[in-house]
Amino acid sequence: MRRASLLVFSFYLLVSLAACGDRTPVIETGGQGGDPLKENMINANKIAAQAEATQINAYMQRHAWKATPLVCGAYLEVTAAGDGTPIASDDRVVVTYRLEALDGTPFYTRQVDTLTVGRREQTPALDEALLQMGRHAKGRLIVPSGAAYGVTGDGDRVGSRTVIIYHIEDINKQ
């Protein structure tokens with residue numbers, strides 16, 4: 001089912017791009033005789049990722065975020081340092097946060113999760129951010145879809161390919 005949805009999305013994106021005339025990106029197979037469908041899907045994903053990066057940068061500029069880029073592609077702004085007790089991989093923590101879309105649409109107004117850091121029990125970006133923060137820290141985390149819930153969404157409220165924002169209200173070791 002997911003593969004069929006991805007193919008439909010890729011087809012729709014490619015048809016939309018074809019309507020752009022000369023601005024349609026050139027698809028190169030690298031002379032390897034690769035699968036054209038696979039190459040088209042790779043290019044469609046690159047274009048979608050570039051569009052998300054543009055949206056994220058514009059959002060951070062509008063809201064004057066002083067965020068630090070993370071390895072996963074997300075951006076973290078620590079707004080309160082907490083008590084300085086570091087969070088390490090395999091620590092059990094209780095994280096309180098709000099989750100919303102880039103346009104401000106709330107997904108979860110107050111979520112409290114108990115997680116083991118480093119095990120990606122939530123999203124890869126949240127894991128990485130927790131390692132950068134300390135106990136009782138507060139912060140904002142803006143996450144591209146690839147480091148959040150990806151093409152499938154969270155299966156509940158967060159849709160497919162959605163850039164999300166965590167408003168981290170508290171982190172406490174368990």
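- Closest approach of Arg161 and Ala48 over heavy atoms only: NH1-CB, 3.8 Å.
- Linking Ile, Leu, Val, Met, Phe, Trp and Tyr whenever their side-chain heavy atoms come within less than 4.5 Å puts Leu141 and Phe107 in one cluster.
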Side chains of residues 86-100: which donor-acceptor pairs under 3.5 Å do they make with residues two or more places apart or in other chains?
unit_1: Asp91; atom_1: OD2; unit_2: Ala88; atom_2: N; d: 2.8
unit_1: Asp91; atom_1: OD2; unit_2: Lys173; atom_2: NZ; d: 3.4
unit_1: Arg92; atom_1: NH1; unit_2: Thr116; atom_2: OG1; d: 2.7
unit_1: Tyr97; atom_1: OH; unit_2: Asp113; atom_2: OD2; d: 2.6
unit_1: Tyr97; atom_1: OH; unit_2: Gln122; atom_2: NE2; d: 3.1
unit_1: Arg98; atom_1: NE; unit_2: Glu169; atom_2: OE2; d: 3.1
unit_1: Glu100; atom_1: OE2; unit_2: His167; atom_2: NE2; d: 3.2

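- Between the side chain of Gln174 and the backbone N or O of Thr114 there is no donor-acceptor pair closer than 3.5 Å.
- Residues Arg119 and Asp127 approach most closely at N-OD2, 3.2 Å, considering heavy atoms.
- Note that CD1 of Ile171 is 5.0 Å distant from CG of Leu130, once rounded to the nearest 0.5 Å.
- For the pair His136/Asn172, a side-chain contact is recorded, criterion being any heavy-atom separation below 4.5 Å from C-beta on.
- Looking at every heavy atom in both residues, Glu52 comes nearest to Gly146 through OE1-N, 4.4 Å.
- Side chain to side chain, Gln132 and Thr68 fail the donor-acceptor criterion of an N or O pair below 3.5 Å.
- Residues Tyr108 and Ile164 share a hydrophobic cluster, clusters being chains of Ile/Leu/Val/Met/Phe/Trp/Tyr side chains in contact below 4.5 Å.
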Exercise for review: Decide side chain to side chain contact (heavy atoms under 4.5 Å, CB included) for Asn57 and Tyr75; before the verdict, give the C-alpha distance in whole Å, the side-chain angles of both, and the deciding distance to 0.1 Å.
Suggested key: CA-CA 10 Å; Asn57 287 328; Tyr75 293 87; 4.0 Å; yes

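- Taking each heavy atom of Leu102 and Tyr59 in turn, the nearest pair found is O-CE1, 3.4 Å.
- Between Ile168 and Thr79 there is no side-chain heavy-atom pair separated by less than 4.5 Å.
- Interatomic distance, NE2 of His63 versus CD1 of Ile142, reported as 8.0 Å (0.5 Å rounding).
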Review point. Please walk me through it: do Met60 and Glu77 pass side chain to side chain contact (heavy atoms under 4.5 Å, CB included)?
Key: CA-CA 10 Å; Met60 289 191 308; Glu77 180 179 44; over 6 Å; no

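- Cluster membership for Leu131 and Leu70, using ILVMFWY side-chain heavy atoms within less than 4.5 angstrom, is shared.
- Asp154 has its side chain out of reach of Thr162: every pair of non-hydrogen atoms, C-beta onward, lies at least 4.5 Å apart.
- Following chains of ILVMFWY side-chain contacts shorter than 4.5 Å, one cannot reach Tyr149 starting from Val163, and the two form parts of different hydrophobic clusters.
- Residue Pro124 comes nearest to Ala148 through the heavy atom pair CD-O, 4.1 Å, listed as atom of the first residue, atom of the second, then distance.
- Clustering ILVMFWY residues whenever any of their side-chain heavy atoms sit less than 4.5 angstrom apart, transitively, puts Val158 in a cluster other than the one holding Ile56.
- Across all their heavy atoms, Cys72 and Ala147 have their closest contact at O-CB, 3.7 Å.
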